[in-house]
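Chain A is the first sequence line, chain B the second, and so forth, proteins listed ahead of strands; every chain is numbered from 1. What you are looking at is a predicted structure, and each value in this text was computed from that prediction instead of being measured.
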Amino acid sequence: MLSRVADSIYWMARYVERAENLARFIDVTLNLILDQPHGTAQQWEPLVNATGDEKFFAKHYGQANAENVIRFLGFDKNYPNSILSSLIAARENARTVREAISSEAWEQLNEFYHFVRDASDQRFRLDSPSDFFRTVKQHSHLFHGILDATMSHGRGWHFANLGRLLERADKTSRILDVKYFTLLPTVHDVGTTIDDLQWSAVLRSVSGFEMFRKRYHGITVDRVIEFLILDPAFPRAIRYCIANADQSLHEISGSPLGSFRNSAEQRLGRLKAELAYTDVRSIAQMGLHQFVDGLQRTLNEVGGAVHDTFFAMRPVEAHRAF
Amino acid sequence: MSLLRGVGETCTMAQPHTFEGYSSDGFFDELFDDSGEARPGARLLIEKINELPPGELKQRQQAIERALLRMGITFAVYGDQEGTEKIFPFDIIPRIVEADEWDSIERGLKQRIRALNLFIDDVYHDQEIVNEGVVPRELLAKAKSYREQCRGLNPPRGVWCHVTGTDLVRNSDGKIYVLEDNLRCPSGVSYVLQNRLVMKRSFPQVFAASRVRPVVDYPSRLYEMLRELAPENVSDPTVVVLTPGIYNSAYYEHSFLAQQMGVELVEGRDLVVKDGFVWMRNTDGFQRVDVIYRRIDDDFLDPKTFRPDSMLGVPGLVDVYRHGRVALANAPGTGVADDKVIYAFVPDMIRYYLNEEPILPNVPTYVCERQEDRDYVLAHLHELVVKAANEAGGYGMLIGPHATDEQRREFAEKIIENPRNYIAQPTLSLSRVPTMVDDRFEGRHVDLRPYILYGRDIWVLPGGLTRVALRKGSLVVNSSQGGGSKDTWVVARPNEAAGEPSRMVEQRQGPPS
């Protein structure tokens with residue numbers, strides 16, 4: 001498979017996953033506000049902080065309220081990590097590899113893009129924003145489902161899977177980090193109904209509420225952290241994402257699981273082992289924020305190593321005249 | 001039919017509500033004859049359309065447009081910052097070509113492409129045709145698209161032009177003429193296939209009953225043809241499509257053809273020349289490439305051979321080609337026969353190389369380099385179409401009857417200054433096909449671009465791209481200037497099957513010849 005094509009498939013999947021997770025970010029905040037009508041403004045600010053682009057936001061939008069944040073993260077074309085920008089990037093990547101993915105997958109992504117673009121045109125209506133974000137999620141699910149069901153699970157598909165899972169691991173960690181930061185300072189709320197509502201909203205934002213209930217029943221902070229970071233079977237849990245990304249990476253390179261032949265496999269394999277052999281107590285001791293910080297750094301390193309190993313243009317030794 | 005109608009009122013008496021009032025206005029109409037009767041091949045279609053409830057056809061047209069948008073068969077609107085995309089306009093009424101007429105077109109195209117290939121091979125070798133004075137030496141010497149770098153190249157079986165898209169037009173006399181040959185990188189075939197796809201969804205019954213010859217096997221024919229070009233010692237060649245990239249206006253077609261053939265779509269930066277071969281950069285190293293269907297113009301193909309500032313090409317590619325270690329379709333240098341002055345000599349080429357009379361005539365052409373022709377052209381600018389030798393897409397052209405005095409003066413000066421660069425032709429009255437305009441039909445002018453593949457044998461795609469000038473009265477069918485497209489139906493004879501089985505597989509498995 002061409003390096004350029006692998007690169008584009010990987011980023012296509014990453015950007016679609018990014019758009020979906022942005023929708024989840026915003027949707028969980030909207031839900032939290034519905035459950036907790038007082039003091040709503042401070043719910044939006046952490047979302048902006050989580051992007052790391054507070055200055056851009058302050059300059060172009062000012063106050064962090066629902067409308068501004070939704071415009072910023074949803075529809076700002078000048079902000080490269082908005083839902084719309086992610087879809088433009090996903091679609092441009094897909095366009096360069098149309099021949100490598102199925103027509104059905106391309107058509108779905110194309111429709112997805114038109115849906116978001118049309119929404120951004122029609123002066124976004126704030127009276128039913130949840131419907132919009134729900135549809136964004138559905139479009140993303142449909143896209144990945146179509147890709148799964150219509151594209152051979154060869155190298156190309158594994159590059160898509162790798163991109164999707166690395167992106168998802170990163171975003172689950174961010175949702176957790178942001179909400180932990182927002183929710184924890186109110187110590188007097190711990191164990192109250194509010195607390196329960198808020199953590200269940202976090203679980204819902206990653207579609208994990210029911211799955212969590214089956215496993216743990218009662219909600220506690222530790223259990224939520226354990227579930228979202230360390231669960232081996234829940235598909236949006238970080239450990240699940242990393243283990244499956246690792247598998248795709250080995251499918252691509254052909255080296256046996258548990259061994260490595262390149263820096264991407266080495267870095268990701270080490271992270272997989274760390275997640276398998278840690279527990280929620282160790283994470284708490286370290287501090288959740290520090291843990292998530294370290295995790296995101298590692299994920300960035302893995303992304304860089306994937307690029308260097310598979311996508312970068314290798315130089316050719318000066319060719320002989322003939 | 002309405003139940004209120006009397007028994008005596010039969011179908012033949014009922015006025016068609018859709019083609020009612022349609023007039024060919026004295027032009028040659030592809031679907032109706034001069035008396036207003038549907039031509040034999042079109043009868044079934046016209047009948048079916050007239051049976052549709054009012055508004056139904058419009059709805060189907062809109063459904064097709066939505067489908068094309070969903071499939072992403074679009075182009076970006078130039079200068080639009082909002083990322084608006086448009087589909088290439090498509091009209092639901094097909095152009096219909098009868099079997100007998102198609103036979104003669106097909107024979108004519110095969111004859112022409114054989115002669116053109118002999119010509120290209122000749123001008124890059126011994127140049128017998130100029131030595132014998134059939135084509136004037138100075139015309140060839142001054143052909144901008146002649147590539148000195150291609151002298152002595154030996155493409156497989158002496159065939160240079162493997163994919164051709166010849167432009168045909170029908171004049172008011174009812175005859176089909178060749179307007180241009182397009183021997184470089186002709187585009188548009190993907191629209192033929194997609195137009196057919198959406199039309200089949202819209203008119204399944206008419207399709208089945210009309211016995212339309214299929215076009216769906218074009219990608220597999222193309223792939224087989226490309227494999228036939230592979231260097232001799234390669235048993236399972238790797239074929240790729242080479243594109244200038246996503247910003248090229250035909251990019252959709254490049255990716256579509258690669259996808260349909262199941263081969264890689266590569267850009268120049270994906271390919272590299274080393275150890276005397278061409279390789280592509282894969283995730284696990286380099287893979288050898290044997291056949292390149294290139295959709296990049298000669299000038300940009302290889303900066304070491306052609307334009308040194310090209311960022312799109314592959315340095316060293318032509319050298320590998322010269323050594324027969326990679327095949328290119330089309331070969332570099334074919335543009336020489338696209339020169340509009342050289343075009344005027346194609347009928348002579350057919351006589352010279354094949355010793356046959358041309359089956360398809362050229363549009364009568366005045367070569368301004370000749371004193372006698374030039375005098376005539378300058379005296380008759382108001383009734384002629386003047387074309388520059390090396391422009392395409394409807395540019396560099398003067399349509400005499402529609403031009404201002406000022407424009408005609410300007411062109412007269414250009415012709416006097418550089419006569420070699422200009423030809424002139426009578427203004428043709430292109431034939432028309434009914435086209436949906438709001439809720440009724442009006443005639444619009446069309447041309448036809450059939451596609452020809454030349455590997456071991458010559459194969460012509462039945463039909464081709466019918467381009468239509470959507471603006472009333474306009475003769476310019478180019479998509480950049482308000483043109484759209486239509487499906488083209490070559491209808492089989494009543495006793496003949498519409499599809500002929502592809503013989504490609506047998507040929508490949510047969511004994512080596």
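- Neither the backbone nor the side chain of B:Phe256 comes within less than 4.5 Å of any heavy atom in chain A.
- For B:Tyr252, the OH atom is densely surrounded, since the number of other residues' heavy atoms within 6.0 Å is greater than 12.
- A:Asn21 and A:Glu17 share a side-chain donor-acceptor pair at under 3.5 Å.
- Contact of A:Ser253 with chain B is not made at all, since no heavy-atom distance falls under 4.5 Å.
- For B:Val263, the part lying under 4.5 angstrom from a heavy atom of chain A is the backbone only.
- With a 4.5 Å cut-off on non-hydrogen atoms, A:Val5 touches chain B through its side chain but not through its backbone.
- Using a 4.5 Å cut-off between heavy atoms, B:Glu267 contacts chain A through both its backbone and its side chain.
- If you measure heavy-atom distances from A:Ile101 to chain B, the contacts under 4.5 Å come from the backbone alone.
- Less than 6.0 angstrom separates the ring centroid of A:Tyr10 from the ring centroid of A:Phe311.
- The list of salt bridge (Lys or Arg N to Asp or Glu O under 4.0 Å) pairs with a residue in residues 100-110 of chain A, not counting sequence neighbours, reads A:Glu107-B:Arg70.
- A:Tyr79 and A:Asp53 form a side-chain donor-acceptor contact under 3.5 Å, judged by distance and modelled atom types alone.
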